[in-house]
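See below for the structure under consideration.
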Number of protein chains: 6
Amino acid sequence: MTEQVQLVPNNSLITKTPEEGRQLAVKMARLIIKITQPSAEMREKMRPAYAEDPAMLIAVGQTVATEFATIAAANNYWR
Amino acid sequence: MTEQVQLVPNNSLITKTPEEGRQLAVKMARLIIKITQPSAEMREKMRPAYAEDPAMLIAVGQTVATEFATIAAANNYWR
Amino acid sequence: MTEQVQLVPNNSLITKTPEEGRQLAVKMARLIIKITQPSAEMREKMRPAYAEDPAMLIAVGQTVATEFATIAAANNYWR
Amino acid sequence: MTEQVQLVPNNSLITKTPEEGRQLAVKMARLIIKITQPSAEMREKMRPAYAEDPAMLIAVGQTVATEFATIAAANNYWR
Amino acid sequence: MTEQVQLVPNNSLITKTPEEGRQLAVKMARLIIKITQPSAEMREKMRPAYAEDPAMLIAVGQTVATEFATIAAANNYWR
Amino acid sequence: MTEQVQLVPNNSLITKTPEEGRQLAVKMARLIIKITQPSAEMREKMRPAYAEDPAMLIAVGQTVATEFATIAAANNYWR
């Protein structure tokens with residue numbers, strides 16, 4: 001399990017806009033999956049399970065929501 | 001998986017009222033599902049699974065609750 | 001899926017007491033289920049699944065706990 | 001589904017000690033189960049499922065942890 | 001279900017170090033399991049299910065993470 | 001179940017960068033699994049279940065997100 005993968009793109013939680021913050025949340029969630037399953041082939045094989053199983057779609061959403069909470073706080077909610 | 005979808009409507013977490021904040025939470029939760037499963041046809045096919053399976057209904061509620069926590073904090077709870 | 005349902009009763013997170021805040025958390029959790037499954041008949045049919053399956057009872061509790069965390073913060077914990 | 005049940009014992013999140021705060025978290029989690037399944041007989045029947053299924057024991061723990069987070073914040077962590 | 005069990009060791013969330021705070025999180029998570037399933041024999045019987053089922057290992061981790069968030073905040077993150 | 005394992009590497013939540021904070025979150029999540037299942041052989045045997053089951057990959061991600069929220073707050077979000 002390689003830790004070489006960059007887990008936080010740009011090594012910063014600060015983004016210009018909520019939209020960019022949300023995209024960062026999605027990327028950070030995916031990067032954890034990447035280091036847990038480093039094989040691109042395996043991840044590709046599992047993609048249908050993610051995208052076609054409603055329970056997993058919801059679970060992905062829950063994880064992104066949690067990541068986004070942190071990023072939003074970091075950016076003082078872009079107020 | 002296209003990132004072209006706007007993930008944060010109006011690119012802002014600020015809303016006039018709690019009600020609008022809650023609707024934003026629902027939309028943001030759905031938009032994550034949309035980018036994870038970009039096919040409208042597939043999403044339509046899965047809708048019954050969401051709406052008729054109590055476990056999934058509850059899971060949707062959990063995700064919305066998490067999104068709403070962030071939006072409510074962003075709006076200083078509309079105090 | 002109609003958004004006409006009022007998602008935040010009284011359009012406010014502020015309540016007089018913790019007890020009222022807790023009731024609001026329960027209501028808000030249920031209203032998300034209502035907009036995800038708008039058919040009252042379908043919801044009625046699913047009620048036994050909620051109320052007789054311990055895993056779902058616990059999951060409902062988890063969602064209410066998350067909603068309540070937001071409401072309690074909004075009310076400065078009724079200190 | 002009766003809302004007559006008192007959902008927040010003593011109608012307050014403030015407790016003298018962390019121990020009492022933890023007991024309150026346990027009680028509040030149980031009271032949500034009580035209003036979702038008002039029949040004492042049904043709840044009694046389900047008790048083994050809670051207490052003998054490791055997955056449910058862990059899920060109960062997750063819910064209590066979430067309730068406790070709110071109560072601890074309300075009490076300024078009894079610092 | 002006895003409430004006699006001490007749910008918060010030392011009746012305090014304050015610890016000298018992050019390491020001790022983490023150990024407290026683990027203990028508090030286990031104590032909830034203990035009051036939900038008071039029989040030591042039953043808990044012992046379930047231990048393999050915890051320790052040999054990856055899904056449960058992850059769920060235990062999620063609960064500890066939530067308890068630790070509260071303890072870390074209580075200690076002002078040992079900054 | 002030995003508590004000898006160091007649960008918080010360097011006994012600190014403070015890191016120089018978000019990237020290091022994220023790596024700490026991953027490590028702390030894994031260390032909880034380690035003390036719950038102390039046998040390296042058993043953990044090795046379970047690794048495919050983690051890495052090849054999409055539901056577990058997502059669950060790992062959820063736990064890391066929760067740990068990271070605490071670490072990010074501890075570091076004042078590296079602002």
Side-chain angles (χ1 to χ4, degrees), chain E residues 5-6 8-10 13-34 36-37 39-79, chain F residues 1-15 21 24-77:
Chain E
V5 177
Q6 173 99 7
V8 181
N10 299 317
L13 300 182
I14 308 306
T15 70
K16 279 201 214 101
T17 64
E19 181 69 23
E20 287 176 30
R22 194 74 172 167
Q23 286 169 359
L24 179 57
V26 171
K27 279 180 205 152
M28 284 174 64
R30 287 182 188 160
L31 286 163
I32 292 302
I33 289 176
K34 193 171 176 180
T36 310
Q37 175 46 269
S39 154
E41 198 192 327
M42 279 299 300
R43 289 198 307 273
E44 207 47 50
K45 210 173 123 189
M46 283 188 276
R47 189 170 294 285
Y50 278 82
E52 294 170 21
D53 180 332
M56 285 189 206
L57 282 175
I58 299 169
V60 166
Q62 180 63 38
T63 303
V64 170
T66 306
E67 301 287 14
F68 184 66
T70 301
I71 293 165
N75 287 279
N76 204 20
Y77 305 99
W78 302 274
R79 258 178 250 166
Chain F
M1 198 165 306
T2 172
E3 308 280 335
Q4 252 67 323
V5 177
Q6 173 100 8
L7 296 179
V8 182
N10 299 317
N11 202 357
S12 170
L13 300 182
I14 309 306
T15 70
L24 178 58
V26 172
K27 279 181 204 151
M28 284 174 63
R30 287 183 188 160
L31 285 163
I32 293 301
I33 290 176
K34 193 172 177 179
I35 59 155
T36 310
Q37 175 47 268
S39 155
E41 197 192 329
M42 279 299 300
R43 289 197 307 272
E44 206 46 51
K45 210 172 123 189
M46 283 188 277
R47 188 171 294 286
Y50 278 82
E52 295 170 20
D53 180 332
M56 285 189 206
L57 281 175
I58 299 169
V60 166
Q62 179 64 37
T63 302
V64 170
T66 306
E67 301 287 14
F68 184 66
T70 302
I71 293 166
N75 287 279
N76 204 20
Y77 305 100

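Chain letters run A, B, ... following the sequence lines, proteins first and then strands; every chain starts at 1.
Here CD1 of E:Ile58 is found 11.5 Å from OG1 of F:Thr36. Values are rounded to the nearest 0.5 Å. In this structure, the separation between CZ on E:Arg22 and CD1 on F:Ile35 is 8.5 Å, given to the nearest 0.5 Å. One finds the CZ atom of E:Arg47 at 10.5 Å from the CD atom of F:Gln37 (value rounded to the nearest 0.5 Å).
With a 4.5 angstrom heavy-atom cutoff, F:Ala59 touches chain E via backbone and side-chain atoms both. F:Met56 touches chain E through backbone and side chain together, each having a heavy atom under 4.5 Å away. For a residue to count as touching a neighbouring chain, one of its non-hydrogen atoms must lie under 4.5 Å from one of that chain's; by this rule E:Thr66 touches chain F with backbone and side chain alike.
By the 4.0 Å N-to-carboxylate-O rule, E:Glu52 lies too far from F:Arg43 to be salt-bridged with it.
Counting only distance, with no hydrogens or angles, the side chain of E:Arg79 and the backbone of F:Asn76 share no donor-acceptor pair below 3.5 Å. Looking at E:Glu19, its side chain does come within 3.5 Å of a backbone N or O of F:Leu7 through a donor-acceptor pair.
Nearest heavy atoms, F:Ala49 versus E:Pro54: CB-CG, 3.5 Å.
Residues E:Phe68 and F:Met28 form a side-chain contact, since some pair of their non-hydrogen atoms from C-beta on lies under 4.5 Å apart.
Among F:Asn11, F:Thr70, F:Ile32, the residue making the largest number of heavy-atom pairs under 4.5 Å with chain E is F:Asn11. Ranked by heavy-atom pairs under 4.5 Å with chain E, the first of F:Leu13, F:Asn10, F:Ile33, F:Ile14 is F:Leu13. Residue with the most contacts toward chain F among E:Val64, E:Leu57, E:Asp53: E:Leu57 (heavy-atom pairs, distance under 4.5 Å). Annotation: maximal heavy-atom pairing with chain F below 4.5 Å, among E:Gly61, E:Gly21, E:Ala73, occurs at E:Gly61.
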